[in-house]
Amino acid sequence: MTDPRAPFRFHKTKEEERRKERSHKDVMDEVFDRQTLLTIGKLVNRGLFETVDFSVSTGKVANVFRVSSKEGYRALKIYRIGNAVFRNMPPYLQHELREEVGSNSFGRLVFAWVRREFMALANCHEAGVPVPAPIEYYRNTLLMEFVNEGGFPYPPLFKCRVESPAALLEDVIKAVNSMVTKAGLVHGDLSQYNVLYHEGKIAIIDLGEAVEKSHPMAKGLLLRDAQNFAKYFNKLGVVISPEEMFQRMGGASL
Ligand SMILES: Nc1ncnc2c1ncn2[C@@H]1O[C@H](COP(=O)(O)OP(=O)(O)OP(=O)(O)O)[C@@H](O)[C@H]1O
Ligand SMILES: [Mg+2]
């Protein structure tokens, strides 16, 4: 006998499929405007990757995709161009980018910002800080190592259950300390959202707001980063004060 609920299930599945297709299409339409498609075409023509596989994250500022190249997976971060990006940017950054490009054009400001994140990644990677290795930047796109396990991205720390918080604390301190003392940079937006984690391994991402350690705001930003993480670790039962966190993260060298 046929299940009386079968037609209902059928419709529901179809509707779910349609919804998924719609939301996929929304992401595609919003991110892949004509200019961005041309930009991606350039990267593909240069052999930097062959396919865009799936969306990893849809954020306020950027969308991140997994892409595939002959050498394997890569992460493609596509910054949005528009007012919303600037509303989400700290004032010091807006000001510095305007000075740098000498213009108020959203496009040019975003390109300068992408370059800034690329340079910060390059300095950190060279200094041995666990960040995704940068590969290329072009206009509003940044191509970098895809931090993954079996093709799927490491999740951000806020989604993770951490087996050994004390060991993680040491790893975070070591990474941030080398970012400050070896790469000479303060992240400026460090939180459980911008540290990816998997089985005891970490990667620090999202370096677009980083400043050099000589920057007048460096100390204040590192203090805020230290406060964020001290709070996070205290919640996990590892007691550390923001001051100690700040010092051990390289605050003494600022
Ligand atoms: N190199 C990478 N490898 C794997 N996943 C990544 C990589 N870079 C970014 N991601 C994923 O994309 C998400 C967003 O990246 P990122 O933090 O750099 O962008 P964002 O500008 O902060 O976006 P949002 O507006 O969401 O804050 C990350 O939380 C992570 O899940
Ligand atoms: Mg982020």
Side-chain angles (χ1 to χ4, degrees), residues 23 26-27 30-31 36 43 48-49 51-69 71-90 93-94 97 106 109-126 129-162 172 175-176 179 185-199 201-211 221 224-225 228-229 232:
S23 79
D26 286 349
V27 172
E30 205 193 81
V31 187
T36 302
L43 297 174
L48 289 161
F49 60 89
T51 55
V52 177
D53 304 332
F54 55 80
S55 159
V56 173
S57 157
T58 310
K60 297 174 292 290
V61 164
N63 289 42
V64 176
F65 295 86
R66 188 188 87 177
V67 299
S68 288
S69 73
E71 288 84 42
Y73 303 129
R74 290 171 168 182
L76 179 69
K77 182 168 175 176
I78 304 179
Y79 285 65
R80 290 156 198 269
I81 296 179
N83 198 12
V85 173
F86 291 88
R87 280 203 306 269
N88 284 302
M89 213 183 246
L93 191 56
Q94 293 187 21
L97 291 175
F106 286 145
L109 290 164
V110 168
F111 303 164
W113 195 22
V114 174
R115 180 173 169 275
R116 205 174 158 124
E117 178 162 15
F118 181 90
M119 297 313 289
L121 282 173
N123 288 338
C124 286
H125 183 63
E126 214 178 285
V129 184
V131 296
I135 297 168
E136 187 57 286
Y137 69 96
Y138 179 59
R139 295 176 72 95
N140 60 326
T141 58
L142 170 56
L143 190 65
M144 61 189 139
E145 175 189 347
F146 185 54
V147 182
N148 75 99
E149 176 66 39
F152 294 97
Y154 282 15
L157 210 43
F158 81 96
K159 285 191 181 164
C160 300
R161 214 178 69 83
V162 177
V172 169
V176 180
M179 187 179 279
L185 290 172
V186 170
H187 186 289
D189 187 23
L190 205 60
S191 71
Q192 310 89 284
Y193 292 84
N194 286 333
V195 175
L196 306 183
Y197 175 83
H198 179 68
E199 289 181 354
K201 290 171 292 200
I202 60 168
I204 299 181
I205 59 160
D206 207 4
L207 275 73
E209 294 178 19
V211 298
L221 289 171
R224 195 180 63 186
D225 288 348
N228 279 340
F229 263 98
Y232 168 76

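Start at 1 and go down the list; that is how both ligands and their atoms are numbered. Side chains are part of it too, since the values below use all heavy atoms of this structure and drop only hydrogens, waters and symmetry mates.
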Flag side-chain contact, heavy atom, 4.5 Å: R116 against L93: yes
Heteroatom N/O/S of D206 within less than 2.8 Å of the Mg ion (ligand 2): yes
Nearest-0.5 Å distance, CD of residue Q192 to NZ of residue K159: 13.5 Å
N, O or S of N194 under 2.8 Å from the Mg ion (ligand 2): yes
Centroid separation F54 to F65 less than 6.0 Å: no
Set of residues that line ligand 1, where lining means a heavy atom lies under 4.0 Å from it: V56, S57, G59, K60, V61, A62, V64, A75, K77, P132, M144, E145, F146, V147, P153, Y193, N194, L196, I205, D206
Flag for S68-D53: side-chain donor and acceptor within less than 3.5 Å: yes
Beyond-backbone contact of H187 with I204, side-chain heavy atoms, under 4.5 angstrom: yes
Test side-chain contact (heavy atoms from CB on, under 4.5 Å) applied to L76 and I135, L142, L43, the passing residue: L43
Working for ring-ring contact (aromatic ring centres under 6.0 Å, His included), residues Y154 and Y197: CA-CA 6 Å; Y154 282 15; Y197 175 83; 8.1 Å; no
